[in-house]
K.L.:
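Attaching a single structure in C-alpha cells format; questions to follow.
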Amino acid sequence: TSIPACRELIVEGVTGMLVPPRDAGALAEAILRLAGDSKTRERMGGRGRETAISRHDERVVLERQLAVLSGFLRR
C-alpha cells in the first residue's frame, strides 16, 4: 500500500504497484492485473530484486553501518 517506507521502496509501474491504504478494491484490481500479466510480473519482480540487492544487500548495509561507526570512532 502507498504508505511511508513502501512509497520510498516502490517505483510505481517499475518495481511494483502502490494502492491506497485500506482500499480493498484497488488491491484486488492490482492483484488481478498482475495475476493476468506474467510479463509485467516478471519485469517488476526482476527490477524489484535488482533494487533490493543494490540498496539492501547485507554487504551494502554493513558497509554503510561501518562507515557511520568509523565516523563516530574518529571523533
Side-chain angles (χ1 to χ4, degrees):
T1 57
S2 185
I3 59 172
C6 290
R7 282 191 299 262
E8 286 76 31
L9 293 173
I10 302 299
V11 177
E12 178 64 38
V14 177
T15 59
M17 300 171 71
L18 293 169
V19 297
R22 296 186 173 95
D23 188 337
L27 179 59
E29 287 178 30
I31 291 170
L32 289 173
R33 178 176 166 218
L34 290 174
D37 188 346
S38 63
K39 287 182 181 182
T40 298
R41 260 192 337 264
E42 290 173 19
R43 179 178 46 79
M44 285 186 186
R47 292 293 301 273
R49 178 172 165 66
E50 290 170 8
T51 299
I53 290 171
S54 68
R55 293 173 65 184
H56 305 289
D57 178 79
E58 64 186 31
R59 290 173 296 241
V60 173
V61 172
L62 182 58
E63 285 176 19
R64 288 184 195 146
Q65 290 174 336
L66 290 173
V68 168
L69 290 174
S70 69
F72 284 117
L73 295 175
R74 285 189 216 130
R75 290 182 186 183

K.L.:
I need the full list of side chain to side chain donor-acceptor pair (under 3.5 Å) pairs touching residues 16-37, with sequence neighbours left out, sorted by first then second residue.
P.N.:
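The answer is D37-T40.
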K.L.:
What closest approach, in Å, do P20 and A26 show between heavy atoms, and which atom pair accounts for it?
P.N.:
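Answer, listing the atom of P20 first, then A26: CD-CB, 3.8 Å.
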K.L.:
Heavy atoms only: give me the nearest R7-S2 pair and the separation to one decimal.
P.N.:
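Scanning both residues, the minimum pair turns out to be NH1-O, 2.7 Å.
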K.L.:
Which atom pair, heavy atoms only, marks the closest approach of V60 to I53?
P.N.:
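Residues V60 and I53, closest heavy atoms: CG2-O, 4.1 Å.
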K.L.:
Tell me every residue that passes side chain to side chain contact (heavy atoms under 4.5 Å, CB included) with S38, counting only those two or more places apart in sequence or in another chain.
P.N.:
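Here the qualifying residues are R41, E42.
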K.L.:
Are there more than 12 heavy atoms of other residues, nucleotides or ligands under 6.0 Å from atom CD of E8?
P.N.:
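Correct, the count exceeds 12.
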K.L.:
Should I31 and V19 be counted in the same cluster of Ile, Leu, Val, Met, Phe, Trp and Tyr side chains packed under 4.5 Å apart?
P.N.:
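I31 clusters together with V19.
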K.L.:
Just by distance, with hydrogens left out, do R47 and T51 show a side-chain donor and acceptor under 3.5 Å apart?
P.N.:
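Result is no, nothing qualifies.
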K.L.:
Just verifying a value: how many Å separate R43 CZ and T15 OG1, rounded to the nearest 0.5 Å?
P.N.:
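If I round to the nearest 0.5 Å, the distance is 10.0 Å.
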K.L.:
For residues T1 and C6, report the shortest heavy-atom separation together with the two atoms involved.
P.N.:
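Looks like O-CB, 3.2 Å.
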K.L.:
Are any of the side-chain heavy atoms of M44 and L34 separated by less than 4.5 Å?
P.N.:
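A side-chain contact exists here, since the closest heavy-atom pair is under 4.5 Å.
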